[in-house]
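Input: a single structure, listed below in C-alpha cells.
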2 protein chains.
Amino acid sequence: MRARRSSGRQTAGAGGREEGADRTIEILDAAADCFMESGFDAATIDDIADRLDSTKGLIYYKFKSKIDLFFAVYQRGIELARDTVQPHARSGLEPLARLKAMAIAHTLLLMRTLSYHHVIKQAVDVHVDRALTPQQRGALRQLTSLRAGYERLFAHVIEECAREGSLLVPNLDICTKTLMGGLDSVSNWYRPKANEMDVDRLFIAEAVANQVIFGLDSKAGLPKSEAGYVRLQESR
Amino acid sequence: MRARRSSGRQTAGAGGREEGADRTIEILDAAADCFMESGFDAATIDDIADRLDSTKGLIYYKFKSKIDLFFAVYQRGIELARDTVQPHARSGLEPLARLKAMAIAHTLLLMRTLSYHHVIKQAVDVHVDRALTPQQRGALRQLTSLRAGYERLFAHVIEECAREGSLLVPNLDICTKTLMGGLDSVSNWYRPKANEMDVDRLFIAEAVANQVIFGLDSKAGLPKSEAGYVRLQESR
DNA sequence: GTCTATAGCCCGATAGAC
DNA sequence: GTCTATCGGGCTATAGAC
C-alpha cells in the first residue's frame, strides 16, 4: 500500500510518469484517520506523524499548518465523492434510476473511505469557526462551494424526478438535505469488519438508498433490483 | 423559560423562595451553546463563563471537570428528548400514527434545543475516546445506554408497524438508524431565525418526518394531517 | 458561592542539523 | 527531504481570598 518512491518534485518534468515522492496522499490518509478517531482539535500532529512512522518535520514540510492539512483532507474527500458519483448523475438512465445509483455509489464510497467522510462531517459542523488567515478563509469558502456543488448533483436529479412525476418533492432543499442526511448517517454506526466483502457493503448501501428514496411505507412498490447501477460500476 | 427557583441545596428548606443557586441549568445552557459553536475541545471554560457574565471559579465549583460538564449537557439533552417523545410512543394511537408523532416531536425539539443536539452529535461521534477516569468511563457508559434506550423507543414502534404490516422493514436496526439519521440531519442546516413562529418549525418537522417514513415516491399515499400529534401536544 | 491569580502541561510551529 | 530540539502561547484545573 505504501508508495515509497523516489521524488523528483520540482526537478523538471523529466518525461517519466510515475508518482514522484508524493507521500502527500499517505499524509492525507493518516490525517483523515486521526481526525476521525480524535477529532480535529484532539488529534495532534505528532499522532499523525506517528501513524506514518515519521516526525512532524515531514508534515510541516508539506503543509503550512494543521488547518491547511485539514482542508486538504476535506478537499480530497469531496473530490473522491464527486468523481465517484458524477458518472451516475450523467448516465443515460431514467432520473429515478440515476438517483438510486447515485445514492448507492455515495454510500458505498462512504463505507470505503469512512475517515474522509468523518472529516467532511466535522467541516460541515460549525467547529471551523476559528480564527483563520484571509487565505485560509478563502480556501474554506472554495471548499464550501465545492461541497455545495456536490449536493447540487443530487438536487438536480431529484428535481428531474419531481418534474417527470416519479417523485413528490414539496421542497427541493429540505428533501435533498434529508435524503443525503439519511445516507450520511451510515457513518454514525458503520465500522468496517475484517474480511468484509463488497457484497456486504452493497447490501447495506442498497437498503439505505431504498429507504431514503422510497421510505418504509408498505404501500409503495419497492423496485428490487436496479440493474443500472451495477452496469456502470463494472465499466469503470 | 429560565427556572430561577430556589435550591436549598444543603441549607435545609428554610422556606424562603428565591433562587438559591441553581444556576446549574444556566451553566448547562451556556455550555451547550459554546460546545455547539466551537466544539468540545475548542470551547474554553472561560468562554462558557463569559457567556454567563461570570468566571470559571463558578463552573469548577459546580462541575469537577470540563468533560463532566460535557456529560451533564449530554445527559440533559437526551432526557429532554426522552421526556418529550415518550408520551407519543405510548399514546393509544395506531403504531404508524405514533411513529409519525414521535418523529415530529423529536424534530421540533431538536429545533428548539439545537445546541443540546449538537452536543449529542459530538458525543456520538468518536471524539470522546480520550483518556477518562474510571468514574467518567462509567458515566459515559450509562449515558450511552440512556441514548440507546431513546433510540429503542423508535425501534419498538417501527417494529410494531412492521408486525401489523403498515411498514416494510427489511432490517430493524438499519431502518431505525437511517430514519433517525434523516431526522437529525436537520441540525446540519436549520438555524433559528428571529421572529420564527411555531408554525414555521412545524412545517419543517412535518416535511422531514413524512419523508423519512414515507419517502418521496409519488406512488405512495401521503396522509396529510395526523391529528394525533397535535392532540397530544396540546394536552401537556 | 463566587472571584483572582497562578501552576503546570500540552501542543502547534519553527530553526537548523544532516 | 526528513529529523531533533525548543520556544512560546493557551488552556485546564486548583489554591486561597472574600
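Everything numeric here is computed off the predicted structure, so don't read it as measured data.
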A/Tyr61 OH to C/dA13 P, straight-line distance once rounded to whole Å: 18 Å
Rounded distance in Å - CD (B/Glu26) to P (C/dG1): 15 Å
Sidechain-backbone polar pair: A/Gln136 side chain, A/Ile67 backbone, donor-acceptor under 3.5 Å: no
Could you go through nucleotides 12-18 of chain D and list every protein N or O atom that sits under 3.5 Å from one of its N or O atoms, giving the distance for each pair?
residue, atom, partner, partner atom, Å
D/dT12, OP1, B/Ala43, O, 3.4
D/dT12, OP1, B/Lys66, NZ, 3.0
D/dT12, OP2, B/Ile45, N, 3.2
D/dA13, OP2, B/Tyr60, OH, 2.8
D/dA13, OP2, B/Lys66, N, 2.9
D/dA13, N6, B/Lys56, NZ, 3.0

Distance in angstrom units between B/Arg130 CZ and C/dC10 P, rounded: 14 Å
Nucleotide C/dG12, atom P - distance to NZ of A/Lys62 in whole Å: 20 Å
Test item: B/Tyr61 and B/Ile27 side chains (from C-beta on) under 4.5 Å apart, heavy atoms: no
Under 3.5 Å, which donor-acceptor pairs link side chains of residues 172-179 of chain B to any protein atom two or more places apart or in another chain?
residue, atom, partner, partner atom, Å
B/Thr176, OG1, B/Leu172, O, 2.7
B/Lys177, NZ, B/Glu151, OE1, 3.3
B/Thr178, OG1, B/Ile174, O, 2.8

Nearest-nucleotide pick for A/Ser54, side chain only, options being C/dT2, C/dT4, D/dC3: D/dC3
Spacing of A/Met36 atom CE and A/Lys121 atom NZ [to the nearest 0.5 Å]: 10.5 Å
For atom CG of B/Asp50 and atom P of D/dC11, their distance in whole Å: 11 Å
For A/Ala30, all residues meeting side-chain contact (heavy atoms from CB on, under 4.5 Å), sequence neighbours excluded: A/Ile48, A/Arg51, A/Leu52
Spacing between A/Leu58 atom CG and D/dT2 atom P, to the nearest angstrom: 5 Å
Side chain B/Thr44, main chain B/Asp47, donor-acceptor under 3.5 Å: yes
Rounded interatomic separation in angstrom, taking CD1 from B/Ile27 and P from C/dT2: 8 Å
